[in-house]
Number of protein chains: 2
Amino acid sequence: MTEVIEPAIETVTIDVVLSALADPVRLTLVRALDTAGDWTCGSDILKEAGVTIGKSTVSHHIKVLRDAGLIRTRVDGIRRLVTLRYDDLEQRFPGLLAMLREHTAARATAAAPTSSA
Amino acid sequence: MTEVIEPAIETVTIDVVLSALADPVRLTLVRALDTAGDWTCGSDILKEAGVTIGKSTVSHHIKVLRDAGLIRTRVDGIRRLVTLRYDDLEQRFPGLLAMLREHTAARATAAAPTSSA
DNA sequence: CGAACGGTACGACCAAAGTCGAACTTTCCG
DNA sequence: CGGAAAGTTCGACTTTGGTCGTACCGTTCG
């Protein structure tokens with residue numbers, strides 16, 4: 001076998017995609033994948049992005065993203081290559097990846113007004 | 001006063017928007033608002049959508065959506081009118097609302113993963 | 001004025017989700 | 001064959017955040 005099970009793109013709902021993207025670690029990972037292309041858990045694009053978590057946690061997030069239809073995992077000998085499902089995502093949710101790309105690392109969250117009066 | 005404080009659209013990050021949309025109740029509410037236009041908490045578009053929650057919970061979700069920059073609340077006498085920030089959202093996240101609209105109520109979550117083996 | 005209505009604020013509760021460490025699996029290689 | 005490398009699985013812990021009830025505030029109207 002050379003592929004890990006993933007959902008058919010037609011069965012992917014935006015509800016699940018939004019939930020998957022709602023976690024900061026996963027969002028960081030998706031953005032990094034978009035930039036880096038193929039990736040293995042061992043590589044430290046996450047650490048470079050300031051995220052330091054255990055490998056079982058990484059594995060968990062990978063699974064969530066895969067189940068949500070966002071990424072694909074191919075088995076390559078001793079390791080697994082992870083990639084974004086560009087074409088599938090563009091077909092089903094056109095513009096979504098571009099949106100994430102454009103609004104990357106918008107760390108301007110500081111400004112938060114709120115409260116009524 | 002006729003407006004409740006809301007964040008300027010330039011300060012709204014997609015991270016926060018995604019988190020706000022990741023909850024099923026809020027997603028239902030946003031979709032209903034998109035269809036219904038102006039709305040007050042008293043009106044039962046939520047119940048019609050099959051969501052029955054207490055009014056303090058509704059208030060909480062409204063606040064989350066407002067803080068995330070998705071909706072606007074105007075004070076009209078004894079009640080508050082809630083609307084989507086169509087223009088602001090279209091300016092900052094073009095296509096986002098259309099995407100939610102198009103993938104409304106995709107209740108096909110049952111679906112099976114494509115198996116390989 | 002005072003009661004009723006529409007909604008918010010606060011605190012407590014509980015379920016869902018993120019995190020970790022350790023054990024296990026598979027593959028590669030000496 | 002045995003050991004190391006790369007990930008996954010499992011169970012337990014902790015944090016997050018959705019929910020509720022109640023108290024509270026501002027507005028309208030009798």
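Not measured: the values here are computed from a predicted model. Chain identifiers are assigned alphabetically (A, B, ...) following the order of the sequence lines, protein sequences preceding nucleic acid strands; residue numbering begins at 1 within each chain.
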* Asked: Does C:dC28 have OP1 or OP2 sitting under 4.0 Å from an N or O in the side chain of A:Arg79?
  -> no

* Asked: Okay, side chain of B:Ser59, backbone of B:Lys55: is any donor-acceptor separation there less than 3.5 Å?
  -> no

* Could you state the CD1-C1' distance from A:Ile71 to D:dG7, rounded to the nearest angstrom? -> 13 Å

* **Chi angles and distances behind the salt bridge (Lys or Arg N to Asp or Glu O under 4.0 Å) call for A:Lys63, A:Asp67** => CA-CA 6 Å; A:Lys63 179 169 168 46; A:Asp67 290 351; 3.1 Å; yes

* Separation of B:Asp67 atom CG from C:dT8 atom P, in whole Å? -> 12 Å

* **Distance, rounded to the nearest Å, where A:Ile78 contributes CD1 and C:dG30 contributes P** => 12 Å

* Salt-bridge present (A:Asp87, A:Arg72; N to O < 4.0 Å) -> no

* Is a donor on one side and an acceptor on the other found under 3.5 Å between the side chain of A:Arg80 and the backbone of A:Thr73? -> no

* Given that B:Gly77 and A:Leu81 both sit by DNA chain D, which one's nearest nucleotide is further toward the 5' end? -> A:Leu81

* Asked: Can you pull the ring-ring contact (aromatic ring centres under 6.0 Å, His included) pairs that have at least one residue in residues 41-98 of chain A, sequence neighbours excluded?
  -> A:Phe93-B:His103

Report all interatomic pairs (protein N or O, nucleotide N or O of nucleotides 18-23 of chain C) with separations under 3.5 Å.
residue	atom	partner	partner atom	Å
C:dG18	OP1	A:Arg26	NH1	3.0
C:dG18	OP1	A:Arg26	NH2	2.7
C:dG18	OP2	A:His60	NE2	3.3
C:dT19	OP2	A:His61	NE2	2.4
C:dC20	OP2	A:Gly54	N	2.8
C:dC20	OP2	A:Thr57	OG1	3.3
C:dG21	N7	A:Ser56	OG	3.4
C:dG21	O6	A:Ser56	OG	2.9

* Structure fact -> To the nearest angstrom, the CZ-C1' distance between B:Arg74 and C:dG6 comes to 16 Å

* Figure out the CG/C1' separation between A:Asp76 and C:dC28, and round it to whole Å. => 12 Å

* Donor-acceptor side-chain pairing of B:Arg79 and B:Thr40 below 3.5 angstrom -> no

* To do: Rounded off to whole Å, could you give me the CG-to-C1' distance for the B:Leu65 and C:dG7 pair?
  => 16 Å

